[in-house]
Amino acid sequence: MKTNSSICPGCSIGCGLYLLESEEGGKRKVLHRTTSPMNEGKLCRFGTDLHTYYEREAMINSVDGKEVKQEEAIKAAKESLKGMKPDELAFIALPGTITNEEIVSFVSLAAEFGCENVSFGFERFFSVVPEEAAYIIENGLPFSEVEGASKIILFFLDPFVHYPLLARRILKAKKNGAKVIEVSFAKNERGIADETVLVKPTEVERIKEKKELFEDSLIIGELTPYTNPQFLSLMLWLNASTSSRLFLLKPFLNSTGAFLLGRDGGRKDLFEILEGVERGEIKALYLLETDIAGAMLGGEEVAETIPKLDLLIEQNAFRTHLSDTAGITICSEPFFMKKGTVVNVEGRVLEIGGESEKGLGIMESIGKGRKYEEVHEEAKKRLGLGDSEISEFEIAVKREERKFEVVEPKIEKEEGGGAEEEYFLWYKTNPFFWNGIRAKNFVEISPVAMRELGLFRGDVVEIVQGEGKERMGFKISDLPPNLVLSEAKLSIKPLQGLLTRVEARRAE
Ligand code: SF4
């Protein structure tokens, strides 16, 4: 057996672990790495199941559906990209399994072709956030700050579901005397909070009236590509107008690296790029290690939009929901094999633990032709790491708190609640969710909803919104009457951020 020290790519915490590889090519095993400071040896279910994540079908090198040698796929990609106008091109990489070095290479690859349509998934937030507050979305905080906080506000965040290894830090803070308050639509099941401030789905705006609650606190929330910008403004406003700090977790492991290293390239909102594809303005798309139809809500819609491209190039270790549509596929290495670094949400620079430069080499063969060392030095320099050795035991990328002002946000009201069949769908996102894995086949509903919908044990509930429709099992939870909670990704897109108005009924 060969033991590799590795990092879990399931979320922005980047837990350390060991991957045991059988020399005979048998199944891999995950072992706990007790010295890892990010997770102190513990893993969530996604981390302990990581070996299955790496057992997916490998990508092949292909051009027009025909398997070719890698050099041929690279050559075809280079020639095709050269033949396009810069504004007809787009480059997308959701930063889950890409290294800092690959980000640097990806940005310069786009620049080589004069393309400014580059997205790492979070670009739209920069237009709503004042420059002085950008550090809050770019940089997280060390977990020691969570453990040392005297008052923690969980802002619509259930740590046990969203970021399981964060929950341990909050429990430690409680042991150290912290008061934990959750602000949410429903009480979190495992009772981590000392106090719950319930918010009605139609009255998110009214949290502003409880501003004093946030004084002297550490507010912990989440930022995903689906966060309603108004909701982000609300978090920033609560932070700026009280003596609090704001810590935003993100779903993708190397989000911090992408924010800090991706900012020099052209930035384009992910959703705008997809609209450009839909309108026929963007004709070629380079997807780096990103199963965009698997990761995004409404992936079916994305899967219908992508064939409108003249060319899809996928660079990935594994086949994705779109690989059958891709004109060129280029096979890279799985994340654990990569040589390179990432920055976790605390600001630790972590070495992945592998030795392969393949993914980076593919992009450099199409683009500038640099060696790994040169790109690595550039990444280090741009992260401000100087000549220091990389160590997971240090917070090398620190954030600088700044004062900023934001206008009091107006949250558009989630209309509805009138018609009997109207419900609000609330997604509790989690590592399985973003990796296109459906870990749960049920939604949670209230006892009132069960009665009103005429449901009995074993029945199936149908959730409908426009074209989107899902049939799911159900579990009864202590929820407000008209809330439907899902930890699984359904084919229903959130319309206004946290909640989506849906119809629910008993499936025939
Ligand atoms: S998914 Fe996140 S919390 Fe779970 S093991 Fe991986 S990095 Fe840690």
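Just follow the structure's listing: the first ligand is 1, and inside any ligand the first atom is 1. All residue numbers in this chain count up from 1 along the given sequence. The basis for the numbers below is simple: all heavy atoms, side chains too, and nothing from hydrogens, waters or symmetry mates.
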Taking side-chain contact (heavy atoms from CB on, under 4.5 Å) as the definition, give me every residue that meets it alongside Ile390, ordered by chain and number, with sequence neighbours left out.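 For Ile390 the side-chain contact (heavy atoms from CB on, under 4.5 Å) partners, ignoring immediate neighbours, are Thr341, Val349, Glu351, His376, Lys380.
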
Output all residues satisfying side-chain contact (heavy atoms from CB on, under 4.5 Å) with Arg33, sequence neighbours left out; order by chain, then residue number.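 So Arg33 forms a side-chain contact (heavy atoms from CB on, under 4.5 Å) with Ser5, Ile7, Tyr18, Thr35, Ser36, Met38, Glu392.
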
Over-ring placement of Lys339 relative to Tyr372, 6.0 Å and 45° cut-offs: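 Flagged: Lys339 positioned over aromatic ring of Tyr372.
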
Taking salt bridge (charged side-chain N to carboxylate O under 4.0 Å, His left out) as the test, write out the residues that go with Arg169, two or more places apart.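 For Arg169, the residues satisfying salt bridge (charged side-chain N to carboxylate O under 4.0 Å, His left out) (neighbours in sequence not counted) are Glu40, Glu147.
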
Short of 2.8 Å from atom 6 (Fe) of ligand 1, name each protein N/O/S atom, waters not counted.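 Under 2.8 Å from atom 6 (Fe) of ligand 1 - ignoring waters, which are not counted - the protein N, O or S atoms are Cys8 SG.
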
Please check if the side chain of Glu357 supplies one atom and the backbone of Glu355 the other of a donor-acceptor pair under 3.5 Å.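 No; judged by distance alone, with no hydrogens or angles, the pair does not exist.
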
Quick check against the 3.5 Å criterion: does Ser477 have a side-chain atom that pairs as donor or acceptor with the backbone of Leu479?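 No, Ser477 side chain to Leu479 backbone: no donor-acceptor pair under 3.5 Å.
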
